[in-house]
Each structure stands twice: as C-alpha cells, then as structure tokens.
Amino acid sequence: MAESPRQLAKRLCEEIQKKGRDRGLLIAFEGPDGSGKTTQRKLFKEWLAGEGYDVVTTKWSSSRLVKPIIKTRKNMRSINPEEFCLLHAADFRHRLEHDIVPALVKGKMVVADRFLFTALARDAARGLELDWLLHIYSPLYWPDLVFYFSVSPETSGKRIAATRTPKYYEAGQDVTNISDPFESYRQFIRRVIQEYDALAVIFKFITIDAEAPIYDQHLLIRKLFQESRERPWMDWNEEAITDWVNMLPRRREVVIGS
Amino acid sequence: MAPNAASSGQLLSLDVIDGSDSIPAAKRLLKSRAGETGISKWDASSIFFEMHGLGVDERPSPRTLVFLYAADMSFRLRWEILPALQESKCVVAVPYIETGYALGTIAGLPRKWLNEVFRFAPKAQESYRVNGPASVCLASATTGFIEFCSSMMEQDLRPKFASYFDDLERRGRCRSL
C-alpha cells in the first residue's frame, strides 16, 4: 500500500532526527536595515562552505514566482499594509516549500537572510496584529538559530543615509504619511526595532551587537554556531514537514540526502 | 481587522465555476435591484494575470494560492467594494471569499487557518452561486480563479468546487442563481 502523506512526513522527520548533529540546520539572520546582517550572512556562508558544508542561501522576498508581483506593486506604491503582508506571506510560503524545506530534508545548511521575523516586525510596525500574523504564517519550520543584529535606530538611519535614499515602503511612508523619506525612515525604523526587540525576547534570539567590529561579530557567530551543532531536532517542525508533503504531492518521491 | 462595512450599501457574494460566467451572472443578479449597482470581479489587482505571464516553471501550492487570492480580495475591497458600499451601492463580488475557502477545503487546509486569512473581509449580506453544467472545455488560466488553480495544479478542479458549493447550498449558506 502506498505511503500516506502523514506517514511519509513522519518517516522524513525520523530520518532527519537520525542524522543527529549531521542534519541540516536552518539559520536565520534577522535585524533592521543597516544592521549589517547581509555582510555577516555572506561571511558566514563563505566560512560554512569552507568547512565543507553544503549551504543554501535564501533571501527575503526573492521567490521567482511572487517577487516580480511584489516589486511592481512596490514601485507603483499601490499596496496597503494588508496586501503587503499577504503578498510577502505568499512569497515566503513559496520559498519555504520550494527552497528551504527541500534543502533541509536533504541535509543541507540553510542560511536565511531574513526569515519570518522580518514579516512580524515590519507588519506589526504597520499596525497589524502579531497574533494574526503568527496564525497566517503557520505551520512554520522554526529556525534552529536566529542571529539578531541589534542596532539603534540612529545607527540604522545613518548607515542607510550614507549609501542611498530609503525606498517608499522601506521608509514606511505608506503608514507614516511623511513625505521626507529620511524622516519617515527615522520614525518607522524605531517602530520596527521595538517589534524586533520584543520578538528577540519571545523567541529567544541570539543577539549580536551590530555596532561591534565586523570581524568580531563574525568570530562570535562562528563560535555560537559550533556550540549549537548538538541542537536537537524540534518536534514541532513535523507539522511543517507534513504540510509540505501535503501541498506538493509530486515531491512525495523525496529522497533524503546522504 | 475586518473593515467596517457598515453602510447603507449591500454586499452580495456570487461564486461561479466558469470564470466567463462572472459578469453575465452578476448582471442577472443585479437586474432586480433598485438604485446604483456595481460589480467587483476576480483579479482586479492583476496579480494572477501577471503571474501567468511570468513563465516561471514553478507551481504555487494551494496555500500560496490562497494568500494570493486573499491579496487580490483585499485590493478589491479597498478599491472597489468598500467605496461602493460607502456610496450606498449594491455590489456583487464575483467571486467572493467562499471561492477561497473552497480551494482551501479541497486542498485539506485547516478551516481555522482559512478563517484567519480571510478575517479582514466583511460578510456578504446575501450569497449566491451559479448552478449549472460547466463548459465542456476548461477555459484559459486567466478566465477565472478556478481555471487558474486548475492550470497550476494540473487537474480540472471544477467538479470539486461545484461539489463544495452544492454542499454550501444544501446547508442554506448560499442560493442558486
């Protein structure tokens, strides 16, 4: 008799658990714009690859299917907070199903340049309820590690202003109604950071002082990663694996990577 | 979360199996209504039309499709439905949230999750469905949401949607047009 999706999901989870410290981890880099997380993510990825890990990177709002839709609407400044949220949720879900979970099931390391918490912080800063956001993003594959690059609103603002003018939605102009993008960014990023700080406590992020020297941060991340290799598989990810199997029937022929 | 739909306007939901039925059926429904009327049609935001044109060889899952449907619904509410209701018009939303629920139910998504996704949408005062035989051939993906989903999931989903609406009608949750 053919294996049911639930049976397959259970088997996949058992296979992942059996790998122990050799299983792939999901590592999220989170923080406001200008916190330097992309620099750190790149350094970390290079280092991981040098250590022999098979690494997959996923970036925020980057799915081949939904990204162009979001980009057009952002350029036209035509979406409100709800549509902003739903479209990013669609993009996230598509990447989770097509890129992230398949890589993890095959035992690869997945480094996420922004993850769910970006949506939670930004959407909550736009006035949406955190509880609603958590519901619509479920079921979720929870990261094994979340590095949160903590930076003050002033530093974030200065770093962004040094390189470019903040974009309309990045500056939160859709909700602040302030015409000056720099002033809008200053106010909006304060709200985003408040949300991030709250999430850091709730979800036990590893906070990195993003105002420290770049290489010091990198060494700390390596150390924290090595300490976490023994991290056990989290049972609540089984729901996300089951959902993945159910949503993509043709992927049922999945093979666990050796 | 749900926008305040309180107004002297009237919101009617109409769910169809064939996308090409949308406008003729909505017009039929509005024929007997007095005063100003309006119709809000699927994909007013153009999300699905644009996605179809992308030519990306990746299929969205039902969960992703529900998000996209909800995003389009939010757009239609903001630009078409709520403004018309505020102007005391009688508006037909064709299709409305039940079509999103139908896809979710067919795909086995939890009702609780669907309730959360569509929490922002006000309830229609009256609900209808077009009951009748579907066209022999499935129309192109941009004709309607069910055609789009059928194309993405590589199966004709019309019988499953029809069965969902049959059940809804049996339970008195909508009427045949």
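All values reported here derive from a predicted model rather than from experimental measurement.
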If you count every heavy atom of other residues, nucleotides or ligands that lies below 6.0 Å from [X] atom [atom1], does the total exceed 12?
X: E183(A); atom1: CD; result: yes
X: R6(A); atom1: CZ; result: no
X: D57(B); atom1: CG; result: no
X: K74(A); atom1: NZ; result: yes

I want to check something: taking the side chain as every heavy atom from C-beta on, are P139(A) and R63(B) in contact at a cut-off of under 4.5 Å? yes
Side-chain contact test, heavy atoms from C-beta onward, threshold under 4.5 Å: evaluate it for F67(B) versus V66(A) and give yes or no.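 SC-SC contact between F67(B) and V66(A) ruled out.
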Contact leader toward chain A among R78(B), M73(B), M51(B), where contacts are heavy-atom pairs under 4.5 Å: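 That would be R78(B).
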With a 4.5 Å cut-off on heavy-atom pairs, point out which of S74(B), P60(B), S45(B), P62(B) contacts chain A the most.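 That would be S74(B).
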Between S63(A), A89(A), P68(A), which has the largest tally of heavy atom pairs under 4.5 Å with chain B? A89(A)
Name the option with the most non-hydrogen atom pairs under 4.5 Å to chain B; the candidates are D131(A), L96(A), N80(A).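 Winner by heavy-atom pair count: N80(A).
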Honestly, the part of L54(B) sitting under 4.5 Å from a heavy atom of chain A is side chain
Side chain, backbone, both or neither: which part of L109(B) has a heavy atom under 4.5 Å from chain A? side chain
Might you point out which heavy atoms bring [X] and [Y] nearest each other, and give the distance in Å?
X: T64(B); Y: R93(A); result: OG1-CG, 3.4 Å
X: S78(A); Y: W79(B); result: O-NE1, 4.3 Å
X: A71(B); Y: L87(A); result: CB-CD2, 3.9 Å

What verdict does the salt bridge (Lys or Arg N to Asp or Glu O under 4.0 Å) test give for E82(A) and R119(B), after you've listed the backbone C-alpha separation in whole Å, the side-chain angles of each residue and the deciding distance to 0.1 Å? CA-CA 11 Å; E82(A) 223 150 51; R119(B) 203 168 86 179; over 6 Å; no
Does the distance from a Lys or Arg side-chain N to an Asp or Glu carboxylate O, for R73(A) and E50(B), drop under 4.0 Å?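 Looking at E50(B) together with R73(A), the answer is yes, because their closest N to O distance falls below 4.0 Å.
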Hey, what do you get for [atom1] ([X]) to [atom2] ([Y]), rounding to the nearest 0.5 Å?
X: D99(A); Y: E58(B); atom1: CG; atom2: CD; answer: 6.5 Å
X: W113(B); Y: Y137(A); atom1: CH2; atom2: OH; answer: 11.0 Å
X: D243(A); Y: S61(B); atom1: CG; atom2: OG; answer: 7.5 Å
X: F120(B); Y: E83(A); atom1: CZ; atom2: CD; answer: 8.5 Å
X: L65(A); Y: M152(B); atom1: CG; atom2: CE; answer: 7.5 Å
X: R59(B); Y: H94(A); atom1: CZ; atom2: NE2; answer: 10.5 Å

Using only atom types and a distance under 3.5 Å, with no angle test, would you say the side chain of H135(A) pairs donor to acceptor with the backbone of V117(B)?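 Between the backbone of V117(B) and the side chain of H135(A) there is no qualifying donor-acceptor contact (under 3.5 Å).
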Please lay out, stage by stage, how I69(A) and L68(B) fare under the test side chain to side chain contact (heavy atoms under 4.5 Å, CB included). CA-CA 10 Å; I69(A) 307 286; L68(B) 296 170; 5.6 Å; no
Non-hydrogen atoms of chain B under 4.5 Å away: do they reach the side chain of D91(A), the backbone, both or neither?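 Neither the backbone nor the side chain of D91(A) comes within 4.5 Å of chain B.
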